[in-house]
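Notes follow the structure.
Reckoned from all heavy atoms, side chains included, excluding hydrogens, waters and symmetry mates.
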Amino acid sequence: MKGSSLVRVLQMGMVVWCIGVAWNSVPIGCEECKRKAVIFNFGDSNSDTGGLAAGLGYNITLPNGRTFFRRSTGRLSDGRLVLDVLCQSLNISLLSPYMDSLGSDFTNGANFAIVGSSTLPKSIPFALDIQVRQFLHFKDHSLQITSPPQGCSSSLVDDKGFLNALYMIDIGQNDLSDSFTKNLTYEQVIQRIPSILAQIKSAVKTIYDQGGKNFWIHNTGPLGCLPQKLSLVSKTIEDLDRYGCIRSYNDAAEEFNRGLRALCEEMRTEMLNATIVYVDMYSIKYDIIANSTKYGFENPLMACCGYGGPPYNYDIRLTCGQSGCRVCNEGTRFVSWDGTHYTEAANTMIASKILSTAYSTPQFKFDFFCQA
């Protein structure tokens, strides 16, 4: 993280754990886990650390990755994602994509998230259902290698690691987005939510039945505040809220989030000895957009990397990374990176708010799973 970004976060008086200033830097204010921290992540582009590039050979180029990695890593951001910063808060390696065959490090878990993933329709690449199946294969193969007579490999997760691991899920945004893209009415989109939630419950239950007991579940962010949506949707002033976001899209996201919160409460009563933490990403992201100047951001509804200029700098015919697109000089001043995804500066701010526990139910610290 650039020093200016870190200073801005600290000046806000937030709790920031173990956020390093360079790839191999000593973390700031880090409390070491008492046992090996293992994380398995499931989701979409908000947490894809290179799965799309590895799985489909999709060419994600600079300026993606310019801020932190100084090269493209398959992440759709100028630098780190929220997931990366959370991993750094535990002083563990960043999660490698499950399908990346070169240079992967699965010591601390694996990342199954893929750009564009949704819950429905299930059983197509790379739906949540498929990601869970991939996890089951990964687990079986890992245990074959780490169990006698093969011996124990310190570079893989053993049985105890799978039992004590944190299972993170951040998905649902594409289900809602795709529904609106198909010109479904608001009421029709809302009618799809129970089916989406059923797939999330099925994923959690499958992992729980395999011995998983620690779950960290993010709700979905304000869909109607994405520059991509704002540039593509025909709208009137009555369709926008006070901050310029599309009301119906955000209302659908909030309806999904209410259902997801209720689902987490339901699963806590059904899954004995499981810890299920619900994280309100919507409130975090909407607060940053609504109070952007407070956090040092400008033009919260405008993409840093894109084409077309104000108010959104997004053109579906010339998106970030394509020849001819334009990129801002100071990504630290922007919330949106490419019209759909967030900048590293915004992701770092989001992570700091997650680590504060103020947006978590129950209010467990992120490192709860590796402290007992």
Donor-acceptor pair, [X] side chain versus [Y] backbone, under 3.5 Å?
{"X": "R80", "Y": "N347", "value": "no"}
{"X": "S96", "Y": "F106", "value": "no"}
{"X": "R247", "Y": "L240", "value": "yes"}
{"X": "K235", "Y": "L230", "value": "yes"}
{"X": "D84", "Y": "L81", "value": "yes"}
{"X": "D48", "Y": "V115", "value": "yes"}
{"X": "S179", "Y": "D175", "value": "yes"}
{"X": "T357", "Y": "S360", "value": "no"}
{"X": "S89", "Y": "L86", "value": "yes"}
{"X": "S117", "Y": "F126", "value": "yes"}

Restricting to pairs with a member in residues 328-372, which pass disulfide bond (SG atoms under 2.5 Å apart), not counting sequence neighbours? C33-C370, C304-C328
In the structure I gave you, are the side-chain heavy atoms of [X] and [Y] within less than 4.5 Å of one another anywhere?
{"X": "F369", "Y": "L90", "value": "yes"}
{"X": "I171", "Y": "Q199", "value": "no"}
{"X": "T348", "Y": "F68", "value": "no"}
{"X": "I350", "Y": "I288", "value": "yes"}
{"X": "I193", "Y": "L176", "value": "yes"}
{"X": "S336", "Y": "Y314", "value": "no"}
{"X": "C87", "Y": "N108", "value": "no"}
{"X": "D287", "Y": "Y295", "value": "yes"}

Shortest non-hydrogen separation from [X] to [Y] and the atoms involved:
{"X": "G109", "Y": "L95", "value": "C-CD2, 4.1 Å"}
{"X": "I316", "Y": "T319", "value": "O-CG2, 3.7 Å"}
{"X": "N313", "Y": "R326", "value": "ND2-O, 4.4 Å"}
{"X": "G74", "Y": "I60", "value": "O-CD1, 3.4 Å"}
{"X": "K36", "Y": "L156", "value": "NZ-O, 3.5 Å"}
{"X": "F256", "Y": "G172", "value": "CZ-CA, 4.2 Å"}

So for atom CZ, which belongs to R261, do other residues, nucleotides or ligands contribute more than 12 heavy atoms lying within a distance under 6.0 Å? no
Passes side-chain contact (heavy atoms from CB on, under 4.5 Å), T361 versus C264? Steps please. CA-CA 9 Å; T361 306; C264 288; over 6 Å; no
Side chains of [X] and [Y], donor plus acceptor under 3.5 Å:
{"X": "R75", "Y": "S77", "value": "no"}
{"X": "S47", "Y": "D170", "value": "no"}
{"X": "D241", "Y": "Y286", "value": "yes"}
{"X": "D129", "Y": "S123", "value": "yes"}
{"X": "N174", "Y": "S177", "value": "no"}

Find the distance between [atom1] ([X]) and [atom2] ([Y]) and round it off to the nearest 0.5 Å.
{"X": "I276", "Y": "E266", "atom1": "CD1", "atom2": "CD", "result": "9.5 Å"}
{"X": "L184", "Y": "I190", "atom1": "CG", "atom2": "CD1", "result": "11.0 Å"}
{"X": "L260", "Y": "M267", "atom1": "CG", "atom2": "CE", "result": "7.0 Å"}
{"X": "L76", "Y": "Y58", "atom1": "CG", "atom2": "OH", "result": "8.0 Å"}
{"X": "R333", "Y": "S292", "atom1": "CZ", "atom2": "OG", "result": "11.0 Å"}

Relative to the ring of F40, is the ring of Y167 parallel (under 30°), tilted (30 to 60°) or perpendicular (over 60°)? parallel
Kindly assign one of parallel, tilted or perpendicular to the pair F112 and F135, based on the angle between their ring planes and the thresholds 30° and 60°. perpendicular
Can you pull out every ring pair (Phe, Tyr, Trp, His ring centres under 6.0 Å) where at least one residue sits in residues 323-357? Sequence neighbours excluded, please. none
salt_bridge([X], [Y]) N-O dist < 4.0 Å:
{"X": "D367", "Y": "K365", "result": "no"}
{"X": "E255", "Y": "R258", "result": "yes"}
{"X": "K182", "Y": "D178", "result": "no"}

side-chain contact (heavy atoms from CB on, under 4.5 Å) between I130 and I124, intermediate numbers included: CA-CA 7 Å; I130 294 298; I124 65 167; 5.9 Å; no
Are [Y] and [X] linked, directly or through intermediate hydrophobic residues, by side-chain heavy-atom contacts shorter than 4.5 Å (ILVMFWY only)?
{"X": "I246", "Y": "Y243", "answer": "no"}
{"X": "L128", "Y": "Y208", "answer": "yes"}
{"X": "M302", "Y": "M349", "answer": "no"}
{"X": "V157", "Y": "I145", "answer": "yes"}
{"X": "L56", "Y": "F42", "answer": "yes"}

Which other residues end up in the same hydrophobic cluster as L318, if Ile, Leu, Val, Met, Phe, Trp and Tyr are linked when side-chain heavy atoms come under 4.5 Å apart? Y307
From CA spacing to verdict: side-chain contact (heavy atoms from CB on, under 4.5 Å), N64, D78: CA-CA 5 Å; N64 291 291; D78 59 331; over 6 Å; no
Apply side-chain contact (heavy atoms from CB on, under 4.5 Å) to T49 and L94, showing your working. CA-CA 9 Å; T49 55; L94 305 186; over 6 Å; no
C305 and C325: sulfurs closer than 2.5 Å? no
Under the side chain to side chain contact (heavy atoms under 4.5 Å, CB included) test, residues paired with T275 that sit two or more places apart: N214, V277, F364, F368
Please walk me through it: do D158 and K160 pass salt bridge (Lys or Arg N to Asp or Glu O under 4.0 Å)? CA-CA 6 Å; D158 59 16; K160 184 177 293 185; over 6 Å; no
Contacts under 3.5 angstrom, residues 219-228 side chains, donor-acceptor by atom type, not counting sequence neighbours:
{"residue": "N219", "atom": "OD1", "partner": "M281", "partner atom": "N", "Å": "2.8"}
{"residue": "N219", "atom": "OD1", "partner": "Y282", "partner atom": "N", "Å": "2.9"}
{"residue": "N219", "atom": "ND2", "partner": "Y278", "partner atom": "OH", "Å": "2.9"}
{"residue": "N219", "atom": "ND2", "partner": "D280", "partner atom": "OD1", "Å": "2.9"}

Sort and list the pairs that fulfil salt bridge (Lys or Arg N to Asp or Glu O under 4.0 Å) and have at least one residue in residues 208-234, not counting sequence neighbours. K205-D209
